[in-house]
Amino acid sequence: MLQTFRGTHDHLPDVAVRYDYIIKVAQHWAGLYGYNLVSTPIFEYADVFSRTLGDTSDIVTKEMFVFEDRHGDKLVLRPEGTAGLMRCLLSNGLMHQLPQKYFYAGPMFRYERPQKGRTRQFHQIGVEFMGEASPLSDGEAITLAWDVLGALGLKNKVALHINSLGDTESRQAYRGLLVEYFSDFKSELSPDSQERLLKNPLRILDSKDPKDQALVAKAPSLEGSLNNLSKDFFARVLESLDLLKIPYSINPRLVRGLDYYCHTAFEFVTDTLGAQSAVLAGGRYDRLALMMGHKEPIPSIGWAAGIERLELMLDQPVLGARPLSLIPIGEAAERKVLGLAHDLRLSNISVVMAPSGNLKSRMKYANKVNAQAVLILGEDELQKGTAVLKELDNGNQQEIPLSQIKDALKRLS
RNA sequence: GCGGGUGUAGCUCAGUUGGUUAGAGCACCAGUUUGUGGCACUGGGGGUCGUGGGUUCGAUUCCCAUCACUCGCCCCA
């Protein structure tokens, strides 16, 4: 009863401030690229996800929190952001005003076994660039990701892996070749990969099983199946990265799990989070709109990053604003201090009151809330119309007239 | 969903080869300082030994189940 549900957590202030910091940094940079903040409901009709993510994807088959409302409508807590945003675009008729660039942040839900960096309610920041087919938009989206990671001080902890899945024609051709190849060795594949052969053959490529990898080494390459259009598209994405000197490595085994991806697939990976290597990942999803019933494709590119994972990687502590601690002594001072505190707050100064306890414990409290200074107002000071201002970092203290407090505080910061 | 590890105070952990009142450090509270924090000293409060059941004269300790966390697999951010 007093325990949170498996895989969900409270975010106490020291953690919450770090989440908030990550979101603010990402939103700031997304703004510089013209992405606008949007938010969509955290639950949707189940079809929004089950029809678009792929009937055989793990997310749909075993990881969605599905429930029915009182009318028997099937609903699902969103397991990812992209499908909901595409639904949002179509619902609001915004396909007539393309392109659209969106930034979002919020909780996602997957019914998984929790691990470090993996929770059942987790949080993502993400961007979607919808209605733009140029490979320049892929390059730009990846550059934004690189800038966000850089602003968070994580560049030296991540590596960019990138690959191309090709357009639909290339991808389907390759899938055929791959199934043909692996079918000959079916009994030699790991049980997991035998399953993949049926559901998602591309996934066999990044199997961790050594025997699978031996077979993969001789398998036909994805690159070999790319048609000229796909090859050219990929080359132009890479060119963007080269021009901006963003380091990457082409990973021919990088594939995406969800059905709607094509062309560019990329991941920023880390080795600092145990089994969870992907920190930020995304790709192009030109066909998603079609899968949602729209009559033509809406070429789009996007990515999402796990806030939990980013937070675990942050080195430096995130500090909040340092308040002024107000300490009134005696009832008359308490009355006086109410107005003073309000006045200071109206001047954009953070003020924390410590109205009870002995002076010593109130000083300690000021320390605990990381106050920059305390303002002590007792009987003597009240009569003189002054207060004692003490800086906590160096212990300096002086008695100043109440009328000069704002100026004195401004001099401190 | 599969396999391994862990679960003792708010936190980090000792401990009990089954036996009276379960310990430490940090944190918290109070005092040394009747209006001055961070340091030091002294004292104090705080524990269903994850939960439920079983074995036993007796279980925090052994057994089973369950929950949570954790490591790996699957998958993914």
Side-chain angles (χ1 to χ4, degrees), chain A residues 1-9 12 14 22 53-54 56-64 79-82 105-126 145 158 190-193 195-196 199-200 203 206-209 255-258 266-270 273-283 302-313 325 327-330 333 354 357-382 387-397:
Chain A
M1 189 64 180
L2 293 180
Q3 181 172 296
T4 60
F5 182 67
R6 179 177 216 192
T8 67
H9 299 279
L12 296 178
D14 58 333
I22 290 167
L53 301 180
T56 58
S57 74
D58 273 30
I59 288 184
V60 170
T61 56
K62 66 176 195 185
E63 292 178 2
M64 291 203 303
E80 57 107 35
T82 303
M108 305 291 167
F109 304 84
R110 292 185 198 171
Y111 199 94
E112 299 187 279
R113 185 141 173 180
Q115 273 178 239
K116 182 181 187 179
R118 169 197 282 177
T119 52
R120 287 181 162 184
Q121 176 178 341
F122 62 107
H123 300 78
Q124 287 187 328
I125 48 176
V158 297
S190 67
D192 281 333
S193 284
E195 187 76 7
R196 292 181 182 115
K199 289 183 174 174
N200 193 344
R203 287 239 82 103
D206 64 356
S207 170
K208 289 174 188 167
D209 186 286
V255 294
R256 304 267 74 206
L258 307 180
F266 66 94
E267 288 182 358
F268 284 87
V269 297
T270 182
L273 293 178
Q276 275 61 247
S277 60
V279 172
L280 182 156
W303 54 255
I307 299 179
E308 279 78 0
R309 294 181 184 181
L310 293 170
E311 191 272 330
L312 286 168
M313 294 172 73
S325 184
I327 302 180
I329 300 168
N358 60 31
L359 185 55
K360 179 168 179 163
S361 67
R362 291 153 88 174
M363 290 295 292
K364 281 181 124 171
Y365 181 69
N367 242 36
K368 201 166 93 180
V369 300
N370 192 29
Q372 183 179 26
V374 295
L375 196 66
I376 302 169
L377 192 61
E379 307 286 343
D380 298 347
E381 289 84 3
L382 199 58
V388 172
L389 180 66
K390 176 166 185 173
E391 296 173 61
L392 289 176
D393 289 345
N394 55 24
N396 293 345
Q397 94 177 34

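Note on naming: letters A, B, ... go to the chains in the order of the sequence lines (proteins, then strands), and numbering restarts at 1 for each one.
When the side-chain nitrogen and oxygen atoms of R6(A) are compared with OP1 and OP2 of rA68(B), one or more of them lie within a distance under 4.0 Å. Between R113(A) and rC73(B) there is no side-chain N or O to OP1 or OP2 distance below 4.0 Å. For R118(A), no side-chain nitrogen or oxygen approaches OP1 or OP2 of rA77(B) to under 4.0 Å. Between Q115(A) and rG72(B), a side-chain N or O to OP1/OP2 separation shorter than 4.0 Å is present.
In this structure rU17(B) sits in no base pair that meets the Watson-Crick or G-U test at under 3.5 Å. As the counterpart of rA68(B), rU6(B) is assigned, both hydrogen-bonding distances of the Watson-Crick or G-U wobble pattern falling under 3.5 Å. In this structure rU33(B) sits in no base pair that meets the Watson-Crick or G-U test at under 3.5 Å. In this structure rG1(B) sits in a base pair with rC73(B), meeting the Watson-Crick or G-U test at under 3.5 Å. Taking a pair to require two hydrogen-bonding distances under 3.5 Å in either a Watson-Crick or a G-U wobble arrangement, rC39(B) remains unpaired. Pairing for rA24(B) is with rU12(B), a Watson-Crick or G-U wobble pair whose two hydrogen-bonding atom distances lie under 3.5 Å.
Across V388(A), L359(A), L377(A), a single residue satisfies side-chain contact (heavy atoms from CB on, under 4.5 Å) together with I327(A), and that is L359(A).
Across the protein-nucleic acid pair, K208(A) atom NZ and rC71(B) atom C1' stand 12 Å apart, rounded to whole Å. Rounded to whole Å, the distance from CZ on R120(A) to C1' on rU70(B) is 15 Å. Remark: C1' of rA77(B) and CZ of F266(A) are 12 Å apart, rounded to the nearest angstrom. What separates CD of E63(A) from C1' of rG1(B) is a distance of 10 Å, to the nearest Å. The interatomic distance linking D206(A) (CG) with rC73(B) (P) rounds to 12 Å, in whole Å. Atoms OH (Y365(A)) and C1' (rU36(B)) sit 18 Å apart, rounded to a whole Å. Across the protein-nucleic acid pair, D380(A) atom CG and rU36(B) atom P stand 13 Å apart, rounded to whole Å. Look at CG on L392(A): it is 10 Å from C1' on rU36(B), rounded to the nearest Å.
Comparing rC73(B), rC76(B), rC69(B) by their closest approach to the side chain of H9(A) singles out rC69(B). Relative to the side chain of M363(A), the nucleotides rA77(B), rC73(B), rU36(B) differ in distance, and rU36(B) lies closest. Distance from the side chain of P114(A) is smallest for rC69(B) among the nucleotides rC73(B), rA77(B), rC69(B). You'll find that the side chain of D192(A) is closest to rC74(B), out of rC75(B), rC69(B), rC74(B). Of the candidates rC69(B), rU36(B), rC75(B), the closest approach to any side-chain atom of R203(A) belongs to rC75(B).
Between rU21(B) and rU60(B), the distance separating the two P atoms is 12 Å to the nearest Å. On the C1' atoms, rA30(B) is 36 Å away from rC69(B), given to the nearest whole Å. The same atom, P, is picked in rU8(B) and in rC62(B); the two are 15 Å apart, to the nearest Å. For the C1' atom pair drawn from rU17(B) and rC26(B), the interatomic distance equals 31 Å after rounding to whole Å. Rounded to a whole angstrom, the distance from the C1' atom of rC11(B) to that of rG47(B) is 14 Å. To the nearest whole angstrom, the two P atoms, one in rG46(B) and one in rU36(B), are 29 Å apart. When the P atom is used for both rU70(B) and rU32(B), the distance is 45 Å, rounded to whole Å. The same atom, P, is picked in rU12(B) and in rG1(B); the two are 27 Å apart, to the nearest Å.
E267(A) is not listed as a side-chain neighbour of L280(A), based on a closest heavy-atom distance of 4.5 Å or more. Looking at heavy atoms from C-beta onward, Q397(A) lies out of side-chain contact with L389(A) at the 4.5 angstrom threshold. Using a 4.5 Å cut-off on side-chain heavy atoms (C-beta onward), S207(A) and R196(A) make contact. Between T119(A) and T8(A), every side-chain heavy-atom pair lies at or beyond the 4.5 Å cut-off. In this structure, V279(A) and V269(A) have side chains that are not in contact, with every pair of non-hydrogen atoms separated by 4.5 Å or more. At a threshold of 4.5 Å between non-hydrogen side-chain atoms, the residues M363(A) and V374(A) count as touching.
Residue E391(A) places no side-chain atom within donor-acceptor reach of the base of rG37(B), judged by atom type and a 3.5 Å distance cut-off alone.
In this structure, G7(A) reaches the sugar-phosphate backbone alone: every heavy-atom distance under 4.0 Å involves primed, P, OP1 or OP2 atoms, never a base. At the heavy-atom level, G395(A) lies under 4.0 Å from base atoms of the strands shown. Using a 4.0 Å heavy-atom distance criterion, S325(A) is classed as making no nucleic acid contact. At the heavy-atom level, A366(A) lies nowhere under 4.0 Å from the strands shown. Within 4.0 Å (heavy atoms only), I376(A) reaches at least one base atom of the nucleic acid. Residue E311(A) is out of contact with every strand shown, counting any heavy-atom pair closer than 4.0 Å. At the heavy-atom level, L359(A) lies under 4.0 Å from base atoms of the strands shown.
Between D209(A) and I307(A), the residue anchored nearer the 5' end of RNA chain B, judged by the nucleotide with its closest heavy atom, is D209(A). Toward the 5' end of RNA chain B, the nearer of the two residues E379(A) and D393(A), judged by each one's closest nucleotide, is E379(A).
Figure legend: R120(A) and Y111(A) shown as a cation-pi pair, the cationic atom lying under 6.0 angstrom from the six-membered ring centre and within 45 degrees of its axis.
Annotation for F109(A): atom CZ counts as buried by contact number, over 12 foreign heavy atoms lying within 6.0 Å.
Not counting sequence neighbours, the partners of R118(A) by the salt bridge (Lys or Arg N to Asp or Glu O under 4.0 Å) test are E112(A).
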- Item | Residues M108(A), H123(A); criterion side chain to side chain contact (heavy atoms under 4.5 Å, CB included); working and verdict | CA-CA 6 Å; M108(A) 305 291 167; H123(A) 300 78; over 6 Å; no
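The shortest heavy-atom contact between A145(A) and F268(A) is CB-CE1, 3.7 Å. The shortest non-hydrogen separation linking E381(A) to I376(A) is CG-O, 4.2 Å. Heavy atoms only, all atoms of each residue included: G283(A) and F266(A) are closest at N-CE2, 3.7 Å.
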What N/O pairs connect the protein and nucleotides 26-33 of chain B at under 3.5 Å? Give each pair on its own line.
| unit_1 | atom_1 | unit_2 | atom_2 | d |
| --- | --- | --- | --- | --- |
| rU32(B) | O4 | K360(A) | NZ | 2.9 |

- Quick one, give me the B/S/- string for nucleotides 8-13 of chain B, reading 5' to 3', where B means a protein heavy atom under 4.0 Å from the base and S means that only happens at the primed atoms, P, OP1 or OP2. ------
